[in-house]
Peer 1: 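One structure follows; several queries about it will come next.
Order of listing sets the numbers, starting from 1, for every ligand and every atom in it. None of these values were measured; they are calculated from a predicted model.
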Amino acid sequence: MINRLTTLNRHIIEEERRIPGATGQLSDLLGDIALACKVVSLEVNKAGLIDILGLTGDENVQGEEVKKLDVYANETLKNIMRIGGHACALCSEEEETFVPIDEVYSDYSHKYIVHFDPLDGSSNIDANISIGTIFSIYKRLSISGPGTIEDCLQHGYKQVAAGYVVYGSSTIMVYTAGRGVHGFTLDPAIGEFFISYNNLMIPKKSKTYSVNEGNYAKWSKGMQNYIDYLKQFDKETGRPYSSRYVGSLVADFHRNLLYGGIFLYPADGKNKNGKLRLMYEANPLAFLVEQAGGLAIDGKNRILDIHPSSLHQRTPLIIGSYEDVLIAKKFLEKD
Ligand code: P6P
């Protein structure tokens, strides 16, 4: 039963109770990720006060070398998930290859793979712009021992859970385990995430688009025509749309998830496969948006159906309100 005092941990456990045969390990892993993000949130919110934005070589009060925030976030997430004992391999935006995890607890099967972007948009933090952590969870394919590269390169539709934490005016964690999208706001005074959105659904149609128009000259004709279309006056279709682009994927996605909108980072003359990464940006957000009734494509194909060939491969990403993405697809299919 959901009430306004439902915490993230209670929600995760209640969701898992509904799944026959659930062992509770996914609940524990999601709890580990939430714990790590609470720790990161503490540092992100102090960043303006403590000089941890550059590898200054200074020492902090504990006499430890001061690290950049994204390095700090990566180490925090890796350590907490490693100790948590439910992952057999970790794949991070900050790591060149996957990090296999040896089985440290015999009674846990280490049955999950986690892809994550520890601190997406971290270059924005100097300007106090919202940034975020994005995660994507799969079940292992191998039987035991440390995870393998085959475990790590699975199609997005195989995800068992995904989510993000946006570090903004408040810290909010949004996740799905395949049964709807749910959001929780951190009360920093007591360190608990309390439910703020239950069964989030993205509006089917919006009046907002998010894109870096500085790339206009490099776009395909279809993409240029779509953005030109959004700017034309047409009362019946609610045009012109408003432009909202923070330049921080999690912040742009979260706003569009709540209010409706379409986010686009297409291929262009410079980035043949776009800029964003499939495994730890596009796939988790695509899983979330589909669970919320939206769509995510690479221009022609469903993001979740893309065959992954490498951990850091890029993909064009058009994601958001269902009807808006369908209209964009019609323009892009003409390329
Ligand atoms: P551009 C941040 O660097 C990031 O990876 C995403 O968070 C964001 O959506 C995108 O790049 C912004 O890229 O080229 O518009 O600055």
Peer 1: Just one of H11, R17, R10 clears the side chain to side chain donor-acceptor pair (under 3.5 Å) bar with E14, so which one?
Peer 2: R10

Peer 1: Which class fits the ring pair Y229 and F331: parallel under 30°, tilted 30 to 60°, perpendicular over 60°?
Peer 2: tilted

Peer 1: Applying a 4.0 Å heavy-atom criterion (strictly less than), which segment of L249 is in contact with ligand 1: side chain, backbone, both, or neither?
Peer 2: both

Peer 1: Could you name the option among K270, E281, K275, R277 that has the heavy atom nearest to atom 1 (P) of ligand 1?
Peer 2: K275

Peer 1: Say whether S92 and E94, considering side chains only, have a donor N or O and an acceptor N or O under 3.5 Å apart.
Peer 2: no

Peer 1: Among all protein heavy atoms, pick the one closest to atom 12 (C) of ligand 1 and tell me residue, atom and distance.
Peer 2: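 Nearest protein contact, heavy atoms only, for atom 12 (C) of ligand 1 is Y245 OH, 3.3 Å.
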
Peer 1: Are S142 and D151 close enough that a side-chain donor and a side-chain acceptor fall under 3.5 Å?
Peer 2: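 Short answer, yes.
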
Peer 1: Aromatic rings Y175 and H182: how do their planes relate, parallel, tilted or perpendicular, breaks at 30° and 60°?
Peer 2: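 Ring orientation, 0 to 90° scale: tilted.
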
Peer 1: Atoms of ligand 1 less than 4.0 Å from D120 heavy atoms?
Peer 2: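 Listed by number with element: 5 (O), 6 (C), 7 (O).
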
Peer 1: Give the atoms of ligand 1, by number and element, whose distance to some non-hydrogen atom of S248 is under 4.0 Å.
Peer 2: 7 (O)

Peer 1: Enter the distance from L285:CG to H254:NE2 here, rounded to the nearest 0.5 Å.
Peer 2: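 Reported value, rounded in 0.5 Å steps: 12.0 Å.
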
Peer 1: Please report which non-hydrogen protein atom sits nearest to atom 14 (O) of ligand 1, along with the residue it belongs to and the distance in Å to one decimal place.
Peer 2: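 Nearest neighbour among protein heavy atoms for atom 14 (O) of ligand 1, to 0.1 Å: Y265 OH, 2.6 Å.
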
Peer 1: Which of the numbered atoms in ligand 1 are below 4.0 angstrom from a heavy atom of N212?
Peer 2: 1 (P), 14 (O), 15 (O)

Peer 1: Ligand 1 and N215, any nitrogen or oxygen pair closer than 3.5 angstrom?
Peer 2: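 It does not: no N or O of N215 is found under 3.5 Å from an N or O of ligand 1.
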
